[in-house]
Protein chains: 2
Amino acid sequence: MARMAVAERRAALVQAALRIIASQGVAAATTRAITAEAGMALASFHYAFRSRDELIAELIAYVVENESLAAQRPLEPGLDLESTIRIGLLGYLDLVAADPARELAMFELTQYALRTDELGEAARAQYASYHAAAEAVVKAAADLTGRTWSRPAGEIARIVVTLTDGLTLDWLVHRDDEATRPVVDFAARALAALADPPQEP
Amino acid sequence: MARMAVAERRAALVQAALRIIASQGVAAATTRAITAEAGMALASFHYAFRSRDELIAELIAYVVENESLAAQRPLEPGLDLESTIRIGLLGYLDLVAADPARELAMFELTQYALRTDELGEAARAQYASYHAAAEAVVKAAADLTGRTWSRPAGEIARIVVTLTDGLTLDWLVHRDDEATRPVVDFAARALAALADPPQEP
DNA sequence: GTCTATAAGGAGATAGAC
DNA sequence: GTCTATCTCCTTATAGAC
């Protein structure tokens with residue numbers, strides 16, 4: 001392979017690893033598989049990274065900054081808060097359904113990080129990123145519907161992430177939109193109940 | 001090691017594997033580690049099991065039948081429904097906190113099963129067991145407080161499992177009782193709202 | 001039946017030719 | 001800088017002695 005700046009090579013390896021992890025899981029992302037996917041020689045790996053765990057750490061950092069719920073669609077206007085949340089959650093689950101292996105991989109990454117001493121901070125950073133993304137969405141949902149939250153947005157966001165984690169696992173295990181639907185309805189109603197009573201004009 | 005019936009040997013290997021997985025994760029449960037933990041020769045493994053995946057399948061079946069929420073403490077009497085649920089959830093999180101590595105391992109097992117073609121059914125069985133355990137608890141909570149659920153108990157149970165999965169991940173990532181507490185309060189309030197209005201005597 | 005010994009292959013990491 | 005070739009270790013699985 002032609003000359004590449006080390007930074008560029010690192011980025012290419014992270015992307016290759018991400019493709020493997022998203023489709024086959026963390027365990028399948030061996031240095032051999034990653035370099036093959038990137039079209040590089042095996043030795044190039046250790047020219048760019050000191051170890052496999054160093055790549056995983058950088059990969060989680062990349063995911064944290066560029067992925068998470070970034071693909072979230074814009075909220076639909078003209079609905080009440082509960083419907084806005086419900087449709088938002090269903091849209092999120094559509095993303096899960098569109099690439100289940102990838103969503104499974106996000107859980108695996110968190111858990112790999114939690115098992116690896118030096119990566120515990122990476123797991124927390126991953127969730128800090130989820131919380132920030134969720135906070136933006138819950139603020140937007142309140143603005144869009146002219147409602148206010150009865151609790152700090154950060155607390156609402158944490159609840160949203162807890163619910164989406166649970167919903168994601170439920171869907172990944174059963175792959176059954178119908179069966180997950182009542183849980184989505186519950187989540188939307190319960191979240192909407194955290195808003196202050198609507199203003200009388 | 002002395003003679004053992006094959007069934008007994010299989011059970012001993014499953015127990016050994018469970019100890020390793022609970023403390024060090026699924027990836028650490030190699031046939032070598034398992035047989036060493038069980039005090040057997042390596043070759044004994046393939047005398048009892050055809051492959052490592054066969055053991056994992058039996059291990060999940062064991063977990064499904066004997067563990068899950070079985071360690072749940074009895075509910076406290078004399079409280080209203082929301083408090084009963086809140087204290088039940090906090091008790092569950094105490095179990096998570098008492099052995100975080102084990103709880104992490106339960107997630108890993110599900111995800112390993114979801115990644116392995118022949119084990120997809122095992123993951124669903126694991127959740128069916130969770131749902132059954134949760135259903136028993138939600139029925140007990142309603143009975144204890146003299147309330148009735150506005151939805152089928154199976155649906156309430158599924159919501160409970162979704163919430164506990166999310167709560168467990170939240171706690172495992174942050175290990176912060178204080179930070180998880182508002183999410184527990186939310187879950188208890190939202191679940192209690194699924195009961196019919198209390199009877200006027 | 002149970003063990004030691006070993007096969008056969010995959011892993012991370014590196015030396016050294018170019 | 002980049003690659004081939006290799007080192008060392010660890011994996012699952014099995015053959016064959018006892």
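Only this structure's heavy atoms are used, side chains among them; waters, hydrogens and symmetry mates stay out. Letters A, B, ... mirror the listed sequences (proteins, then strands); counts begin at 1.
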Reckon [X] has a side-chain N or O less than 4.0 Å from the OP1 or OP2 of [N]?
X: B:Ser44; N: C:dC3; result: yes
X: A:Arg50; N: C:dG12; result: no
X: A:Thr30; N: C:dA11; result: yes

Calculate the interatomic distance between [X] atom [atom1] and [N] atom [atom2]; express it in whole Å.
X: B:Leu42; N: D:dT11; atom1: CG; atom2: C1'; value: 10 Å
X: B:Met40; N: C:dT4; atom1: CE; atom2: P; value: 14 Å
X: A:Phe45; N: C:dA13; atom1: CZ; atom2: P; value: 7 Å
X: A:Leu13; N: C:dG12; atom1: CG; atom2: C1'; value: 14 Å
X: A:Tyr47; N: C:dT14; atom1: OH; atom2: P; value: 15 Å
X: A:His46; N: C:dA15; atom1: NE2; atom2: P; value: 12 Å
X: B:Leu55; N: D:dA13; atom1: CG; atom2: C1'; value: 15 Å

Of the listed nucleotides [options], the one nearest the side chain of [X]:
X: A:Arg52; options: C:dT4, C:dG12, D:dA13; value: C:dG12
X: B:Ala43; options: D:dT4, C:dA13, D:dA15; value: D:dA15
X: A:Arg9; options: D:dT2, D:dA15, C:dG12; value: D:dT2

Between atom [atom1] of [X] and atom [atom2] of [Y], what is the distance when rounded to the nearest 0.5 Å?
X: B:Ile87; Y: B:Ile85; atom1: CD1; atom2: CD1; answer: 11.0 Å
X: B:Thr148; Y: B:Asp196; atom1: OG1; atom2: CG; answer: 3.5 Å
X: A:Arg181; Y: A:Arg86; atom1: CZ; atom2: CZ; answer: 6.0 Å

**Asked** Are side-chain N/O atoms of A:Tyr130 and A:Gln126 paired as donor and acceptor at under 3.5 Å?
**Response**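 Result is yes, a qualifying pair exists.
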
**Request:** Could you tell me whether the side chain of A:Trp149 reaches within less than 4.5 Å of the side chain of A:Leu81, counting heavy atoms only?
**Result:**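 Result yes, sub-4.5 Å side-chain heavy-atom pair found.
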
**Asked** Quick one: does A:Arg32 reach the base of C:dG12 with a side-chain donor-acceptor pair under 3.5 Å?
**Response**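 Between C:dG12 and A:Arg32, which were checked side chain against base, a qualifying N/O pair under 3.5 Å is present.
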
